[in-house]
Amino acid sequence: MNQIENGVSVRRGRLNTLEFVDRKTVRKTSILQETTRPHRLKIEAWAISEAKSRGVNAPTIVDFYQNNRGQEVLILERIDGKTLSHCSLRENASSMISVGEQMSLLENIFSNYGWIDPQTMTGKSKDWKIFLLSYAQTYGNRLVNEGIISKKHLQHISSGIQDTDLSTSPYLVHRDIKLDNLIKDKDGKTWILDWENVILGDPLYDLAIFGLTHKDILWENLAITKRTTYDPQKYSIYEAVALIGLIDFCRKNKIDFIGRQRQFHDAVNRFAFSSKLHD
């Protein structure tokens with residue numbers, strides 16, 4: 001929610017505050033330190049630098065530091081434009097082609113997979129499949145214990161992860177590609193913002209997350225230009241794993257997740273169907 005504090009526009013989220021300091025500068029402050037990701041903004045600064053060095057339109061980093069409260073603070077160049085959530089479908093269709101082309105630049109340049117170690121800036125897991133299995137079981141068991149998803153469905157997805165060929169080179173996976181994180185400037189250039197959720201893994205994972213909200217021409221244009229092989233089995237697994245994390249986030253923050261539950265059940269059923277076809 002946006003509000004004005006001391007003449008500065010401030011947007012307060014669950015994890016960060018975003019202050020639009022002036023026409024050129026944005027200040028992002030971490031207000032909640034997560035156990036799993038205690039250095040989200042440090043990793044975001046690294047990810048932005050990596051993306052920019054490879055030709056992705058990401059904001060310039062002005063500064064990064066810890067304030068006197070021990071909170072991470074990231075100062076960024078402010079991009080003058082409008083988010084795609086305020087653009088027409090026709091404009092967005094063109095922009096998603098640009099997003100896919102940009103994300104395709106982030107291939108075969110990292111080591112390891114999964115969560116990023118803030119000390120070494122390498123993936124914490126030696127194997128993408130091991131990371132996904134750990135992620136699904138860690139968050140999924142919480143949901144099973146609270147009766148939000150069934151133990152049978154979690155076991156089915158865990159088995160699917162183990163039995164499916166998920167081999168991939170470690171790409172930088174944004175994990176939060178959505179219209180509010182994409183800006184079109186006055187020159188028609190599309191910018192990608194908010195890199196704090198990055199992991200290292202399969203680029204198809206980004207497409208699956210985007211598809212949870214969009215299964216239209218925007219998804220199609222991102223799929224065409226992202227240069228990743230579409231495999232229905234892998235895609236359904238990635239949908240289900242991503243939904244486990246999203247549902248758990250909603251649970252913790254008391255956000256309605258009924259729609260996400262339905263999507264999870266559908267993803268599990270699609271995986272079961274594609275598995276039978278594969279067999």
Side-chain angles (χ1 to χ4, degrees), residues 28 37 39-61 64 74 76-77 79 84 92 94-132 135 166-185 189-214 218-231 234-235 237-239 241-242 245:
K28 191 172 186 178
R37 302 184 300 155
H39 301 286
R40 288 177 292 104
L41 299 193
K42 180 181 180 181
I43 290 171
E44 178 172 17
W46 169 81
I48 287 173
S49 296
E50 289 291 324
K52 284 183 68 68
S53 71
R54 289 164 175 82
V56 174
N57 300 327
T60 299
I61 297 167
F64 171 80
L74 182 59
L76 298 166
E77 167 198 28
I79 307 302
L84 297 196
N92 290 347
S94 173
S95 292
M96 293 313 299
I97 292 175
S98 172
V99 172
E101 290 173 343
Q102 291 181 64
M103 297 303 290
S104 295
L105 300 173
L106 300 175
E107 60 179 327
N108 303 327
I109 51 178
F110 306 104
S111 59
N112 296 349
Y113 298 84
W115 302 121
I116 298 165
D117 187 324
Q119 304 303 319
T120 62
M121 293 306 173
T122 58
K124 291 184 177 182
S125 179
K126 293 287 186 181
D127 186 271
W128 173 235
K129 182 178 290 192
I130 291 173
F131 166 74
L132 287 177
Y135 184 97
L166 301 177
S167 57
T168 181
S169 299
Y171 283 64
L172 193 64
V173 179
H174 187 282
R175 284 208 312 152
D176 203 14
I177 296 293
K178 59 184 181 182
L179 301 187
D180 282 341
N181 287 337
L182 304 171
I183 287 184
K184 189 169 186 177
D185 68 16
K189 183 187 292 186
T190 304
W191 296 75
I192 305 173
L193 311 181
D194 202 357
W195 294 76
E196 70 179 81
N197 294 308
V198 296
I199 59 172
L200 299 176
D202 190 338
L204 185 61
Y205 196 83
D206 261 340
L207 187 63
I209 292 176
F210 188 76
L212 295 176
T213 306
H214 297 275
L218 304 186
W219 182 91
E220 292 171 1
N221 284 358
L222 183 61
I224 289 170
T225 54
K226 212 171 188 325
R227 298 174 191 167
T228 181
T229 303
Y230 178 81
D231 180 297
K234 288 173 66 174
Y235 189 90
I237 288 174
Y238 292 165
E239 276 187 314
V241 172

Legend entry - Minimum side-chain heavy-atom gap I177-I209 below 4.5 Å: no
Inset, instruction - Indicate yes or no for a side-chain donor-acceptor contact from S104 to the backbone of T225 under 3.5 Å, with no hydrogens or angles considered. - result: yes
Inset, instruction - May I ask you to decide if K126's main-chain N or O and N112's side chain share a donor-acceptor pair within less than 3.5 Å? - result: no
Inset, instruction - Please say which of L41, I43, I48 ends up in a side chain to side chain contact (heavy atoms under 4.5 Å, CB included) with W195. - result: I48
Inset, instruction - Find the distance between CG (L172) and CG (L106) and round it off to the nearest 0.5 Å. - result: 5.0 Å
Legend entry - N181 side chain vs D176 backbone, donor-acceptor pair below 3.5 Å: yes
Inset, instruction - Just jot down the side-chain contact (heavy atoms from CB on, under 4.5 Å) partners of N92, sequence neighbours excluded, or say none. - result: L84, C87, L179, L218
Legend entry - CD1 on I116 to CG on L200, rounded to 0.5 Å: 4.5 Å
Inset, instruction - Side-chain contact test, heavy atoms from C-beta onward, threshold under 4.5 Å: evaluate it for M121 versus K42 and give yes or no. - result: yes
Legend entry - Residues that D185 engages under side chain to side chain donor-acceptor pair (under 3.5 Å), provided they are two or more places apart: W191
Legend entry - Flag, side chain of R175 to backbone of N197, donor-acceptor distance under 3.5 Å: yes
Inset, instruction - Output all residues satisfying side-chain contact (heavy atoms from CB on, under 4.5 Å) with I130, sequence neighbours left out; order by chain, then residue number. - result: S125, D127
Inset, instruction - Check whether any side-chain N or O of Y238 sits under 3.5 Å from a backbone N or O of L207 as a donor-acceptor pair, and report yes or no. - result: no
Inset, instruction - Would you please name every residue forming a ring pair (Phe, Tyr, Trp, His ring centres under 6.0 Å) with F210, sequence neighbours left out? - result: H214
Inset, instruction - Please name all residues satisfying side chain to side chain donor-acceptor pair (under 3.5 Å) with T122, sequence neighbours left out, ordered by chain then number. - result: T120
Inset, instruction - Over all heavy atoms of both residues, which pair between V198 and A47 is shortest? Give the atoms and the distance, please. - result: CG2-CB, 3.8 Å
Inset, instruction - Can you spot which of D180, L182, L76, I79 makes a side chain to side chain contact (heavy atoms under 4.5 Å, CB included) with L193? - result: I79
Inset, instruction - Find the distance between OG (S98) and CD1 (I192) and round it off to the nearest 0.5 Å. - result: 7.0 Å
Inset, instruction - Return the orientation label for the Y235 and Y230 ring planes: parallel under 30°, perpendicular over 60°, tilted otherwise. - result: tilted
Legend entry - Partners meeting side-chain contact (heavy atoms from CB on, under 4.5 Å) with K124 (sequence neighbours left out): W115, D117, P118
Legend entry - Contacts of K28 that satisfy salt bridge (Lys or Arg N to Asp or Glu O under 4.0 Å) - sequence neighbours left out: E44, D194, E196
Legend entry - Test item: K178 and T213 side chains (from C-beta on) under 4.5 Å apart, heavy atoms: no
Inset, instruction - Could you list the residues that satisfy side chain to side chain donor-acceptor pair (under 3.5 Å) with Y135, not counting sequence neighbours? - result: none
Inset, instruction - Kindly write out the residues that satisfy side chain to side chain donor-acceptor pair (under 3.5 Å) with S169, not counting sequence neighbours, or none if the list is empty. - result: N108
Legend entry - Residues that T60 engages under side-chain contact (heavy atoms from CB on, under 4.5 Å), provided they are two or more places apart: K52, E77
Legend entry - Whether N221 side chain and I97 backbone form a donor-acceptor pair below 3.5 Å: no
Legend entry - Partner residues of R37 under the salt bridge (Lys or Arg N to Asp or Glu O under 4.0 Å) criterion, sequence neighbours left out: E34
Legend entry - Y113 side chain reached by L132 side chain, heavy atoms, under 4.5 Å: no
Inset, instruction - Output the distance between atom NZ (K234) and atom CG (L204), rounded to the nearest 0.5 Å. - result: 6.0 Å
Legend entry - Distance in Å, E239 CD paired with I237 CD1, rounded so as to fall on 0.5 Å steps: 11.0 Å
Legend entry - Listed partners of F110 passing ring pair (Phe, Tyr, Trp, His ring centres under 6.0 Å), at least two apart: W46
Inset, instruction - Kindly indicate, with the supporting measurements, whether the criterion side chain to side chain contact (heavy atoms under 4.5 Å, CB included) is fulfilled by I199 and F131. - result: CA-CA 10 Å; I199 59 172; F131 166 74; 3.8 Å; yes
